[in-house]
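Shown next, in structure tokens, is the structure this report addresses.
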Amino acid sequence: MLRGKSLSCGYFVMTGRAGKGLDGRLTEYGDRGFARFLRDAFLKAKGYGPEALEKPVVAICDTGSDFNPCHATAPQLIEAISRGVTMAGGLPMVFPTISLHESFSHPTSMFLRNLMSMDTEEMLKALPMDAAVLIGGCDKTIPAQLMGAISANVPTLSVAVGPMLTGSREGERLGACTDCRRLWGEHRAGAMDAEDLEVAQSQLMASHGTCMVMGTASSMACVAEVLGFMLPGGSSIPAVHSERWRHAEASGRRAVEMALAGGPCPANLVTEAAVRNACVTLQALAGSTNVPIHLAAIAGRAGIRLSLDELDRLGEPVPILADLKPVGRVYMQDFHAAGGLPALLRELAREGLFDVETATADGRSWVEVLEAWPEWRDGEVIRDLGNPVTEGNAIAVVRGSLVPDGAVIKQAAMTPALRSHEGPALVFDSLEDLHARIDDPDLEVTEAHVLVLRNAGPVGAPGMPEAGLIPIPKKLAATGVRDMVRISDARMSGTAYGAVVLHAAPEAAVGGPLALVRDGDRIRLELDERRLDLLVDAEELERRRAEWVAPATPVRGYARLFATTVEQADRGCDLDFLTGLED
Ligand code: FES
């Protein structure tokens, strides 16, 4: 990892403003006394007495929205955080930002992640506050909030809404969204009728909260905890458990301590050691393939370049210790009952794989937290290194002539026989082309084919939708085929599984090699060698490159800003002018 320019701690320091609490970030009227007088007048109109106006201010970011069912408990969390702030002598002030939900963001929530990070950053810099508590959870919200918080560099805590509880159907536990995809696959293959599917649908999300497997939401909550943004143990508490409200209350109390102390600030938390810890944790959890993108963007805001190869290298000695879906058997509520994230980190720390000198959100180092954490753990759910769920790193990085800047694959969640595979390409030129042809009974495809989807990357789609889990063509699914090698410049849900190579960089829409593949070209995946190659000679590829035409650039608005400044997946898909990196 490379460290770029550094950020100083504290927005007040950065801007030279001395004001604390409601005296901070005064509106510019050319008269600071008047600005404070007017601010107080408005707050008195809202019912605040003089004592309240002198307290340290803890801002609470509300991302509740009718369009974000995962965040349905935001009002109760705000109440609990506010209670903690008030009990500790602070003044809680609630403010909204954009909220993103996976199923309510067209074309994809990833397109809007950077906009949410800008919204968060600018509100953290504009509003008078001494510390902030950000309520996040659904996939892109925590990354967006951490990116914004690092750039604003205001003392910040993250409170996740927490994972849903599981449902059940005819004795089978069901959960979002690994089972959503599995059951939909069964339905596509004709093995489950629409009536049964509808019955199962009502059990897939049995409570409020985020998807309760080790998908992107759970993975990012764990990353926030490891980096020191979330109180220890907070990532896995179920959304509707009373412990969640006590955790929120404690977060409010801790935020007041941070407000009074003026730190720690986010840029001090996101160190190279903390980022390495996040990589190791991701591998041990077999977490979401989306995390490398979000972690690269988060680290980038702090001036640290996350290397995909280092993510892979760090994972080599790290077996999968959490027996969680989609790779394992159980769900987040079981992980929490088994001891939670600190119990897993302690196993990593015992073997020297986790740097315990890094900071936690409660002000202690991880060594202090892990020593004090209850000794008991359920060894079936949170394994030790002598009895892992599987050996080897969960997420691997491949390079080669098809993906010179890298691509990722969740090797723990694929059919082992496909680790070494060569086959002819079947190319889908866009999402529309995929939708139009994938289930065509006349599609010429065998299970040896390598399915390629392009123009679904950061610029191409735009926003890199979770379309990388290219469906098994219906005619093959009906014969029992459940996995094939699939390659794209898209992402896939952290809850998904299969021999799916994702985040091909550079993407097709900027002229990456994926743009040059044609039906029938041979593609070879050699996972043990970390290679993915297009077996076409260089002369032919140059000829094709000369014929390639770049897609049109959007003419206005955020779409234009995004298309003209978004970085490639290996660099975190941040907008290039937002990162803290020097090149
Ligand atoms: Fe919100 Fe899965 S859709 S966490």
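Source: prediction; values computed, not measured.
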Using 30° and 60° as the class limits, which term best fits the ring planes of Tyr558 and Phe562: parallel, tilted or perpendicular?
->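 Tyr558 vs Phe562 ring planes: tilted.
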Report the C-alpha distance between Phe354 and Val226 in whole Å, list the side-chain angles of each, state the deciding distance to 0.1 Å, and finish with yes or no for side-chain contact (heavy atoms from CB on, under 4.5 Å).
-> CA-CA 10 Å; Phe354 186 89; Val226 166; 3.9 Å; yes
Given 3.5 Å as the limit, does a donor-acceptor pair link the side chain of [X] with the main chain of [Y], or not?
| X | Y | result |
| --- | --- | --- |
| Ser219 | Ser288 | yes |
| Asp312 | Ala396 | no |
| Ser105 | Thr108 | no |
| Arg244 | Ile237 | yes |
| Arg491 | His503 | no |
| Asp62 | Phe95 | no |

Between [X] and [Y], what is the shortest heavy-atom contact and its length?
| X | Y | result |
| --- | --- | --- |
| Cys61 | Gln145 | SG-NE2, 3.9 Å |
| His336 | Gly233 | CE1-O, 3.9 Å |
| Ala394 | Ala286 | CB-CA, 3.5 Å |

Please assess Ile438 against Phe428 for the test side-chain contact (heavy atoms from CB on, under 4.5 Å), listing each intermediate value before the final yes or no.
-> CA-CA 9 Å; Ile438 190 72; Phe428 298 93; 3.8 Å; yes
Short side-chain donor-acceptor distance under 3.5 Å, [Y] and [X]:
| X | Y | result |
| --- | --- | --- |
| Arg169 | Ser202 | no |
| Asn277 | Thr358 | yes |
| Ser109 | Glu102 | yes |
| Asp139 | Asn290 | no |
| Ser117 | Arg301 | yes |
| Ser99 | Asn68 | yes |
| Gln568 | Asp489 | no |
| His71 | Thr63 | yes |

For the atom pair CG (Leu418) and CD (Glu447), what is the distance rounded to the nearest 0.5 Å?
->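 These two atoms lie 8.5 Å from each other.
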Is [X] salt-bridged to [Y], going by a charged N under 4.0 Å from an acidic O?
| X | Y | value |
| --- | --- | --- |
| Arg254 | Asp362 | no |
| Lys325 | Asp334 | no |
| Glu172 | Arg182 | yes |
| Arg454 | Glu507 | no |
| Asp440 | Lys475 | no |

Given side-chain contact (heavy atoms from CB on, under 4.5 Å), test Leu431 with Asp433 step by step and report yes or no.
-> CA-CA 5 Å; Leu431 289 162; Asp433 185 28; over 6 Å; no
Residue pair Cys177 / Met205, side-chain heavy-atom distance below 4.5 Å | yes
Would Leu227 and Ile298 satisfy side-chain contact (heavy atoms from CB on, under 4.5 Å), going step by step from the backbone distance to the final call?
-> CA-CA 10 Å; Leu227 292 177; Ile298 289 166; 4.1 Å; yes
